[in-house]
Amino acid sequence: MGRLDGKVALISGSASGLGAAEAELFAREGAHVVVGDIQIEAGQSVVGQITAAGGAAAFTPLDVTSAKSWQQAVRFTVERFGRLTTLVNNAGIFRMGGVRTTTPETWSDVIAVNQTGTLLGMQAAAPELLKAGGAAIVNIASIYAITPSPDALSYHASKSAVRMMSRAAALEFARQGIRVNTILPGRIDTPIAGNIAPEQLAAVNARIPMGWTGDPIDIAHGVLYFASDDARYVTGAELIIDGGWYAGAGSMIDAPRPEGN
């Protein structure tokens, strides 16, 4: 038996990076998975890999900044797999910029995807999650929600908001059959982390207490726990997965782009 047998999960931003790892792990653990993303070919490729391995998955286009797109994705999920039990708000973007260099356009783009996209996802999914009962929402925030840097203002703001939105939603749904929990990744080897020179990567890894950059599967296992019935008595919780980053945050402020999502 898989840890997610009988679950139906919609995962945003799951055509690559963290979301793809989550989708593949969920399917291996028995869930029916809907891959939602604006990257159509990449998303279909993830579905192909899942189905080739014997899992159940389908792709739907999903622009997380659009309430209509979210509604369509939820409707597609229910029509395809009968219900929706699990939502993972994974989609996110990162833009550099501090107080003096963040443009209104950059601010709006990051807030729209990371913060508003999370809200729209919860709003669209809630009616079906309430019907399912024993449901779970897992929101992906960031270690940057609790650790500052001088050049990622919009990202800090958006991920800090996701953290508090999750806790508020956990209280709202605590007696209605929906658990809401949050993952805070540190630096993970994904496209959003960017490509940096080997010497820069070595410097970053040297400042991570465990000494290395995490892989997407490291986050996926945390998401799996929150989505599974193993966490049936867990809501409003946060799981930091960062190789010890937060514990040693005072020594890491100047590390270049230490973020995984």
Side-chain angles (χ1 to χ4, degrees), residues 3-4 6-14 18-19 21-23 25-26 29 31-34 36 62 64-65 67 69-71 73-74 77-78 81 83-92 111-146 155-185 219-242 246 260-261:
R3 293 172 68 187
L4 297 181
K7 306 293 187 184
V8 177
L10 171 58
I11 306 176
S12 72
S14 47
L18 302 185
E22 293 155 11
L25 179 61
F26 274 35
E29 290 291 341
H32 292 63
V33 178
V34 173
L62 174 57
V64 298
T65 69
S69 184
W70 267 113
Q71 292 160 5
V74 169
T77 302
V78 174
F81 293 122
R83 61 180 188 152
L84 175 64
T85 68
T86 311
L87 171 67
V88 182
N89 275 308
N90 176 85
I111 296 300
V113 173
N114 297 356
Q115 180 177 340
T116 305
T118 297
L119 170 64
L120 295 178
M122 292 193 291
Q123 288 179 329
E128 294 299 331
L129 296 174
L130 288 167
K131 290 179 188 177
I137 296 172
V138 185
N139 293 328
I140 308 300
S142 168
I143 199 68
Y144 266 14
I146 54 177
Y155 194 82
H156 285 299
S158 65
K159 291 300 188 177
S160 296
V162 168
R163 183 185 180 215
M164 190 54 67
M165 288 162 58
S166 301
R167 295 170 71 180
L171 294 180
E172 179 177 350
F173 294 121
R175 298 193 180 189
Q176 299 180 54
I178 304 175
R179 297 178 296 102
V180 186
N181 294 293
T182 314
I183 302 286
L184 282 68
I219 305 304
H221 281 296
V223 179
L224 170 65
Y225 166 67
F226 278 149
S228 75
D229 291 339
D230 293 342
R232 67 175 192 169
Y233 197 54
V234 180
T235 195
E238 300 172 344
L239 178 57
I240 298 172
I241 306 176
D242 70 345
Y246 184 55
N261 188 63

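Everything quoted here is computed from the prediction, not taken from an experiment.
The CD atom of Gln176 sits 11.5 Å away from the CG atom of Leu129 when rounded to the nearest 0.5 Å. Separating the OG1 atom in Thr77 from the CG atom in Leu10 is a distance of 4.5 Å, to the nearest 0.5 Å. A distance of 12.0 Å separates CG of Leu25 from CD1 of Ile219, quoted to the nearest 0.5 Å. Atom CD1 of Ile143 sits about 11.0 Å away from atom NE2 of His156, to the nearest 0.5 Å. From Met164, atom CE reaches atom CD of Gln115 across 12.0 Å, with rounding to the nearest 0.5 Å. Thr235 contributes atom OG1, which lies 7.5 Å from atom CG of Leu171 (distance to the nearest 0.5 angstrom).
Across all non-hydrogen atoms, the minimal contact from Ala227 to Thr86 is CB-CG2, 3.9 Å. The two residues Leu87 and Gly121 come nearest to each other via the heavy atoms CD2-O, 3.4 Å. When all heavy atoms of Ile111 and Ala157 are compared, the pair lying nearest together is CD1-CB, 4.5 Å. Residues Val64 and Ala91 come closest through the heavy atom pair CG1-CB, 3.8 Å. The nearest pair of heavy atoms linking Thr182 to Phe226 is O-CE1, 3.4 Å. Between Ser160 and Ala145, the shortest heavy-atom contact is OG-O, 3.1 Å.
Distance alone, capped at 3.5 Å, is enough to place a donor-acceptor pair between the Asn181 side chain and the Ala237 backbone. Listed for the Ser12 side chain is a donor-acceptor partner under 3.5 Å among the backbone atoms of Asn90. Under a 3.5 Å cut-off, the side chain of Ser14 and the backbone N or O of Gly36 do form a donor-acceptor pair. Under the 3.5 Å distance criterion, the side-chain polar atoms of Trp70 are left unmatched by any main-chain donor or acceptor of Leu62. When atom types are taken as modelled, the side chain of Ser228 and the backbone of Tyr225 share a donor-acceptor pair closer than 3.5 angstrom.
Contact check for Ile240 versus Ile146: side-chain heavy atoms found under the 4.5 Å cut-off. Looking at heavy atoms from C-beta onward, Leu184 lies out of side-chain contact with Asp242 at the 4.5 angstrom threshold. Looking at heavy atoms from C-beta onward, Ile140 lies in side-chain contact with Pro185 at the 4.5 angstrom threshold. No side-chain heavy atom of Asn139 sits under 4.5 Å from any side-chain heavy atom of Met165. At a threshold of 4.5 Å between non-hydrogen side-chain atoms, the residues Val88 and Phe26 count as touching. When side chains are defined from C-beta on, Thr116 does not count as touching Thr65, because their heavy atoms never get closer than 4.5 Å.
Considering Lys7, Arg179, Arg3 as possible partners of Asp229, the one that fulfils the side-chain hydrogen bond (donor to acceptor under 3.5 Å, both in side chains) test is Lys7.
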| said: Is there a side chain to side chain contact (heavy atoms under 4.5 Å, CB included) between Glu238 and Arg163? Walk through the geometry before answering. | reply: CA-CA 8 Å; Glu238 300 172 344; Arg163 183 185 180 215; 2.7 Å; yes

